[in-house]
Amino acid sequence: MTATVNGAAALVKNELSPLPPGRVPKHVAIIMDGNGRWAKQRGLPRTEGHRQGVENLRRILNASAREGVKILTIYAFSTENWSRPKVEVQMLMRLLEMFIDRELSSLHENGVQIRHIGEMDGVHPRMQKKIREACEFTKNNTRLILNVAFNYGGRKEILQAVKRIVREGIPEDQVTEDLISRYMYTGDLPDPDLIIRTSGELRVSNFLIWQGSYAEYYVTPTFWPDFDDAEFHKALEVYASRHRRFGQTDEQVHNPA
Ligand code: FPP
């Protein structure tokens, strides 16, 4: 179908076939990879790829809310990303700051609750303040939880959980998988149902390594700036068609005891 200029958004939306009822993942996590290669392909600086990456985040946030996703976790900056060239790190910091400055009121109006997962150590105090204020300002919103993994590393997350458990003197027989889950940054949230990685890399990259144990993975060759509503919908369709067995047989899943 050819989209008219005015009706383009509506047509694109209508063209997407609805997902089977009850099969929308509640929690989707995304490794937004490929900004650098997107830029390189176009002869642009890597920073332009990140800028387009932020634009796309806006698009996928809207799509998530529209599709009925309740929690979206995005990998914005890993603990390993500090070792990138200084100018790129500065740019990523600036983009996050600008994203909060420009989008906060609209996110708030659209019922988005912003949360930070990761460590604040090493983050500039001005940035720490901005992140804390954004989380505080939106904390009562319920339409969509946006977890921003910033200065995040999965191993660090497990390490801080273990340290807190030891520090609090929790007896060994009370240390269960549920308890450890509660000590993760995502403590009160369900594990991700679907983890999407753009740009084709078949790696976990230290992202949600505890919470992602039973997640469905979806990898697309599309670079993050090009990962649009239709691609997102396709990922949700693939998820809806998967049979999650959580280690059981198909028979057990279909005929629970
Ligand atoms: C991976 O692309 C992407 C990142 C390391 C950062 C993702 C950040 C954004 C989309 C923008 C900032 C986020 C917010 C919330 C404002 P890459 O640089 O590794 O790409 P490459 O693998 O092609 O080099």
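In listed order, ligands and their atoms are each counted from 1.
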Does ligand 1 have a heavy atom under 4.0 Å from the side chain of [X], from its backbone, from both, or from neither?
| X | answer |
| --- | --- |
| E103 | neither |
| N56 | neither |
| E201 | neither |

What protein heavy atom lies closest to [atom]? Include the residue and the distance to one decimal.
| atom | result |
| --- | --- |
| atom 6 (C) of ligand 1 | A76 O, 3.4 Å |
| atom 3 (C) of ligand 1 | M32 O, 3.1 Å |
| atom 4 (C) of ligand 1 | H50 CE1, 4.0 Å |

Is R58 salt-bridged to E103, going by a charged N under 4.0 Å from an acidic O?
yes

Salt bridge present between E201 and R37 (N-O < 4.0 angstrom):
yes

Who gets closest to atom 16 (C) of ligand 1 by heavy atom: I30, L96, V89?
L96

Compare all side-chain heavy atoms of [X] with those of [Y] and state whether any distance is below 4.5 angstrom.
| X | Y | value |
| --- | --- | --- |
| E231 | D228 | yes |
| F207 | Y152 | yes |
| D193 | V28 | no |
| V148 | F77 | no |

Enumerate the atoms of ligand 1 whose separation from the nearest heavy atom of [X] is less than 4.0 angstrom.
| X | value |
| --- | --- |
| R37 | 21 (P), 22 (O), 23 (O) |
| R46 | 17 (P), 18 (O), 24 (O) |
| L57 | 15 (C) |
| G36 | 17 (P), 18 (O), 20 (O), 21 (P), 23 (O), 24 (O) |
| V54 | 11 (C), 12 (C), 16 (C) |
| R84 | 5 (C), 17 (P), 18 (O), 19 (O) |
| N81 | 5 (C) |

For the backbone of S106 and the side chain of N110, can you confirm whether one donor and one acceptor N or O come within less than 3.5 Å of each other?
yes

Can you give me the closest heavy-atom contact between S64 and F232, atom names plus distance?
OG-CZ, 3.5 Å

Taking all heavy atoms of I196 and all of A235, pick out the closest pair and write down the distance.
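Nearest heavy atoms, I196 then A235: CD1-CB, 3.8 Å.
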
Would S199 count as a contact residue for ligand 1, given that I'm defining contact as a non-hydrogen atom of the residue lying under 4.0 Å from a ligand atom?
no

When you measure from the centre of the six-membered ring of W38, is the NZ or CZ of R42 under 6.0 Å away and within 45° of the axis?
yes

Close N or O approach (N35, ligand 1; < 3.5 Å)
yes

